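What follows is a set of notes on a single structure, which appears directly below.
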Amino acid sequence: MSKGLFIIGTDTDVGKTVVTAGLIHLLRSKNYDACYFKPVLSGAAFKNGQFIPGDTNFVKTLGDIPESLENMTPYSFKTPVSPHLAAKIENVAIQVSIIKQKFEDLKQKYPYMVVEGAGGLIVPLKAKYMLYDLVKDLHLPIVVVGRAGLGTINHTLLTVRYAQSVGIKVKGIILNGYDSSNKCHLDNKKTIKELTKLSVLTIPKLKDINVEKIQLGNLKNIIKENLDVKTLIEWMEPC
Ligand SMILES: Nc1ncnc2c1ncn2[C@@H]1O[C@H](COP(=O)(O)OP(=O)(O)OP(=O)(O)O)[C@@H](O)[C@H]1O
Ligand SMILES: [Mg+2]
């Protein structure tokens, strides 16, 4: 049986892909055969007659994952909007059964799965089916990735408490772009820890990183300095 984790952002663009790529690299570099799954991606680039899902391409490159982009991302849309709208604009009916089947197929091959959501927890994938419904359908616990600065207490607490209210297990929180010399960042970490009673980890601001251009910067080293593989494995649950 595979073990897995679902990475949920407090918002779009908070660094889910960067953090997930780091986690996958950490696992794979320690010989844990981990794979990435991003079920629905909006804003894919169109190259040589096919959509290239940028997040998936970045994580595949950084983690050196021997899997096809199509298998890791069954639905790629060019339009950079919420999945339900991108699907509507591009005349595609997102089928949850296909997402579940693709996830099952990967689980047969990889003992560790890290899934990245789209946007935040209450993003519709289709009418009346939200990202949190998928988290529950894939039987995964979550880790919340949020910004380190002003506004993150509210966004993080809303995400954590809503997840818990619908029966999703929250394993931990990662604040991205953290600056330990910033009083607001320091207090955010402390306050979120006190209010949630969860472990709060941090990833600093990185240099020369770009998801679209596949620039990896110093992410590999930074992730090793800030996260340990034992915690990551403890966070994962059989799925
Ligand atoms: N720690 C960091 N330091 C510097 N830049 C970062 C950091 N984390 C993310 N970025 C940059 O911020 C942007 C958004 O990051 P990322 O793509 O990981 O967000 P996301 O939450 O996955 O977005 P989406 O909702 O589109 O999937 C990217 O251009 C990335 O290079
Ligand atoms: Mg992303």
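Please read all numbers here as calculations on a predicted model, not as lab measurements. As the structure lists them, so they are numbered: ligands from 1, and atoms in each ligand from 1.
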Could you tell me whether some N/O pair between Thr12 and ligand 1 is separated by less than 3.5 angstrom? yes

Could an N or O of ligand 1 be found under 3.5 Å from any N or O of Gly117, whether backbone or side chain?
no

N/O donor-acceptor pairs under 3.5 Å from side chains in residues 91-102, not counting sequence neighbours:
from, atom 1, to, atom 2, distance (Å)
Gln101, NE2, Asp105, OD1, 2.9
Lys102, NZ, Asn71, OD1, 3.3

For ligand 1, which atoms, with element, lie under 4.0 Å from some heavy atom of [X]?
X      : value
Lys38  : 27 (O)
Glu116 : 22 (O), 27 (O)
Asp55  : 27 (O)

Protein contact to [atom] [nearest heavy atom, distance to 0.1 Å]:
atom                    : answer
atom 8 (N) of ligand 1  : Asn176 ND2, 2.8 Å
atom 12 (O) of ligand 1 : Asp13 O, 4.8 Å
atom 17 (O) of ligand 1 : Val211 CG2, 3.6 Å
atom 16 (P) of ligand 1 : Gly15 CA, 3.6 Å
atom 5 (N) of ligand 1  : Ile209 CG2, 3.5 Å
atom 20 (P) of ligand 1 : Lys16 N, 3.5 Å
atom 3 (N) of ligand 1  : Leu206 N, 2.7 Å
atom 10 (N) of ligand 1 : Val18 CG2, 4.1 Å

Only distances under 3.5 Å count here; give the side-chain donor-acceptor pairs of residues 222-231 to other protein atoms, sequence neighbours excluded, each with its distance to 0.1 Å.
from, atom 1, to, atom 2, distance (Å)
Lys224, NZ, His25, NE2, 3.3
Asn226, ND2, Ile222, O, 2.7
Asp228, OD1, Thr231, OG1, 2.4

From Glu67 CD over to Tyr36 OH, what is the distance, rounded to the nearest 0.5 angstrom?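 One gets 13.5 Å once the value is rounded to the nearest 0.5 Å.
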
Between the side chains of [Y] and [X], is the shortest nitrogen-to-carboxylate-oxygen separation below 4.0 Å, so that they form an ion pair?
X      : Y      : result
Arg28  : Asp64  : no
Lys171 : Glu234 : no
Asp11  : Arg147 : yes
Glu237 : Lys169 : yes

| query | Any link between Leu158 and Ile122 through a network of hydrophobic side chains (Ile, Leu, Val, Met, Phe, Trp, Tyr) touching at under 4.5 Å? | reply |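 No, because Leu158 and Ile122 fall into different hydrophobic clusters, even though each may have its own neighbours under 4.5 Å.
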
- Message: Taking 2.8 Å as the distance threshold, tell me the number of protein N/O/S atoms next to the Mg ion (ligand 2).
- Response: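 Protein heteroatoms (N, O, S) closer than 2.8 Å to the Mg ion (ligand 2) number 3.
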
For Phe103, which residues count as a ring-ring contact (aromatic ring centres under 6.0 Å, His included) partner, sequence neighbours excluded?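 Per chain and number, Phe103 pairs via ring-ring contact (aromatic ring centres under 6.0 Å, His included) with Phe37.
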
At under 4.0 Å between heavy atoms, what of Pro204 touches ligand 1? The answer is backbone

Note: Glu212, heavy atoms under 4.0 Å from ligand 1, region reported as neither

Looking at Leu125, is its backbone amide N or carbonyl O close enough to the side chain of His84 to form a donor-acceptor pair, meaning the two atoms are under 3.5 Å apart? no

Exercise. Is a donor on one side and an acceptor on the other found under 3.5 Å between the side chain of Glu90 and the backbone of Thr79?
Worked result: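 Yes, Glu90 side chain to Thr79 backbone: donor-acceptor pair under 3.5 Å.
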
Checklist entry - Can you tell which of Leu5, Ile173, Val135, Val160 makes a side-chain contact (heavy atoms from CB on, under 4.5 Å) with Ile142? => result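 Checked Leu5, Ile173, Val135, Val160 against Ile142; only one passes side-chain contact (heavy atoms from CB on, under 4.5 Å): Val135.
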
- Query: Tell me, do Val170 and Val144 make a side-chain contact under 4.5 Å, heavy atoms counted?
  - Reply: yes

